[in-house]
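One structure below.
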Amino acid sequence: MGASQNRAIYEHFLTQQETQQLLFIHRALAVNGYRPHVRSLTLFDVVLAEPRLLPPLVHVRQLVLDAVEEHFDKPCQVFVEHTSLISWGPGASIGWHHDSNREYLAQRHFSAVLYLNSSNADFSGGTFCFQSGRGPLRIQPSAGMLLLYTADASNVHQVEPVTAGERATLTMWFTLEQEHQEDKKVSAAAAAAAAGALSKLAGSKLPTLSFDSLYGFWSPFFVHI
Ligand SMILES: O=C(O)CCC(=O)C(=O)O
Ligand SMILES: [Fe+2]
């Protein structure tokens, strides 16, 4: 793809076993997505729905983060902003855009798309294209391939419509702004889920606070027995 510093392709970034694991997680838990003909599963969803499936996803997420820091030469400066397993069914596509092209996406600095299956073998259509002066630069997804690019206007791209089968990716965005990192939101959700599970487990054995009067509200140790 040339010597461009703002993009990179790694052909066999994941093994077949690793791509299969991620496909399995997606199949098990994905929900109807944010766009027509798309199903998605965020890291957040996995934490809430089935935390036992987290380890393979978190492992690959870290590998991709390391690759981003290395390629863009930003050691220990990059944070994951969003992680999703996404599948695209027949009819799914996305027109020309860049990945920080909205005010609410301005914190996105780098993008990574890790392909979990292959065009022609597993689905038809779904070609990724970068806009370029000499006509679109077309990239055919293949299982295990990692595509990195900056989220700015130097990387305008589109995905042509999928015409058959299901195209699957792990799509991630990255930020240099710590306050936008995904980890904080995910660990807060995990803590809330764990607290919920704990209180369910304890059930009626926990004392209940008396809130039937303001007095009770101000005296939290006053409990019904
Ligand atoms: O799935 C791809 O190849 C790219 C998707 C994309 O451009 C996006 O989600 O912004
Ligand atoms: Fe995009």
Side-chain angles (χ1 to χ4, degrees), residues 1 4 6-14 18-19 22-23 25-27 30-45 57 60-61 63-65 67-68 71-72 78 80-132 136-175 180 182:
M1 99 175 327
S4 173
N6 67 349
R7 299 171 187 169
I9 286 189
Y10 300 82
E11 287 284 349
H12 299 286
F13 187 80
L14 285 194
E18 288 169 321
T19 58
L22 297 187
L23 280 173
I25 297 170
H26 178 268
R27 284 203 191 108
V31 294
N32 282 335
Y34 53 100
R35 286 189 287 118
H37 319 292
V38 164
R39 292 191 315 132
S40 74
L41 180 71
T42 64
L43 182 65
F44 194 78
D45 295 332
L57 181 57
V60 172
R61 178 180 182 269
L63 295 178
V64 177
L65 173 60
V68 167
H71 178 75
F72 295 108
V78 181
V80 180
E81 192 255 357
H82 185 85
T83 305
S84 270
L85 288 161
I86 305 179
S87 68
W88 306 53
S93 68
I94 186 167
W96 294 112
H97 68 284
H98 65 91
D99 287 352
S100 57
N101 64 352
R102 300 270 187 282
E103 206 176 314
Y104 67 91
L105 303 175
Q107 71 279 3
R108 294 185 173 175
H109 295 110
F110 306 111
S111 308
V113 186
L114 179 47
Y115 295 100
L116 304 180
N117 60 7
S118 305
S119 66
N120 300 323
D122 302 302
F123 59 88
S124 310
T127 303
F128 181 104
C129 308
F130 281 117
Q131 219 167 51
S132 95
L137 175 59
R138 297 165 63 78
I139 294 164
Q140 300 299 345
S142 82
M145 172 201 275
L146 176 65
L147 175 61
L148 305 182
Y149 49 92
T150 56
D152 61 15
S154 69
N155 276 315
V156 173
H157 58 277
Q158 68 168 1
V159 177
E160 293 178 348
V162 173
T163 53
E166 201 173 51
R167 174 191 195 267
T169 66
L170 173 69
T171 299
M172 296 175 61
W173 286 282
F174 301 86
T175 182
H180 291 293
E182 179 182 56

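Only a predicted model underlies this, so the values are computations on that prediction, with no experimental measurement involved. In listed order, ligands and their atoms are each counted from 1.
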Trace of the side chain to side chain contact (heavy atoms under 4.5 Å, CB included) decision for V156 with N101: CA-CA 10 Å; V156 173; N101 64 352; over 6 Å; no
CZ of R108 to OG1 of T150, rounded to nearest 0.5 Å, is 14.0 Å
Could you check atom 4 (C) of ligand 1 against the protein and tell me its nearest heavy-atom contact, residue, atom and distance included? V159 CG2, 3.6 Å
Residue Y115 vicinity, atoms of ligand 1 by number, heavy atom under 4.0 Å: 2 (C), 3 (O)
Does W173 have a non-hydrogen atom less than 4.0 Å from ligand 1? yes
Look up atom CG in N6 and atom NE2 in H71, then write down how far apart they are to the nearest 0.5 Å. 7.5 Å
On the 0 to 90° scale, with breaks at 30° and 60°, tag the H82-W173 ring pair as parallel, tilted or perpendicular. tilted
Top protein contact for atom 7 (O) of ligand 1, by heavy-atom distance: H157 NE2, 2.9 Å
What part of D99 sits under 4.0 Å from ligand 1 if we count only heavy atoms: the side chain, the backbone, both or neither? side chain
Which residue and heavy atom of the protein sit nearest atom 1 (O) of ligand 1, plus the separation: R167 NH1, 2.8 Å
Pairs meeting criterion side-chain hydrogen bond (donor to acceptor under 3.5 Å, both in side chains) with involvement of residues 159-169, two or more places apart: S87-E166, R138-E160, T169-T171
Which of parallel (below 30°), tilted (30 to 60°) and perpendicular (above 60°) describes F128 and Y149? tilted
What's the spacing between L43 CG and T83 OG1 if we round to 0.5 Å? 5.0 Å
Which heavy atom of the protein is the closest neighbour of atom 8 (C) of ligand 1, given with residue, atom name and distance? H97 NE2, 3.9 Å
d(L114 CG, L22 CG) to nearest 0.5 Å is 7.0 Å
The number of protein N, O or S atoms lying under 2.8 Å from the Fe ion (ligand 2) is 3
Run L57 and L170 through side chain to side chain contact (heavy atoms under 4.5 Å, CB included) and show every step you take. CA-CA 9 Å; L57 181 57; L170 173 69; 3.8 Å; yes
Give a yes-or-no answer on whether the side chains of H157 and H98 include a donor-acceptor pair shorter than 3.5 Å. no
Which residue and heavy atom of the protein sit nearest atom 5 (C) of ligand 1, plus the separation: W88 CZ2, 3.7 Å
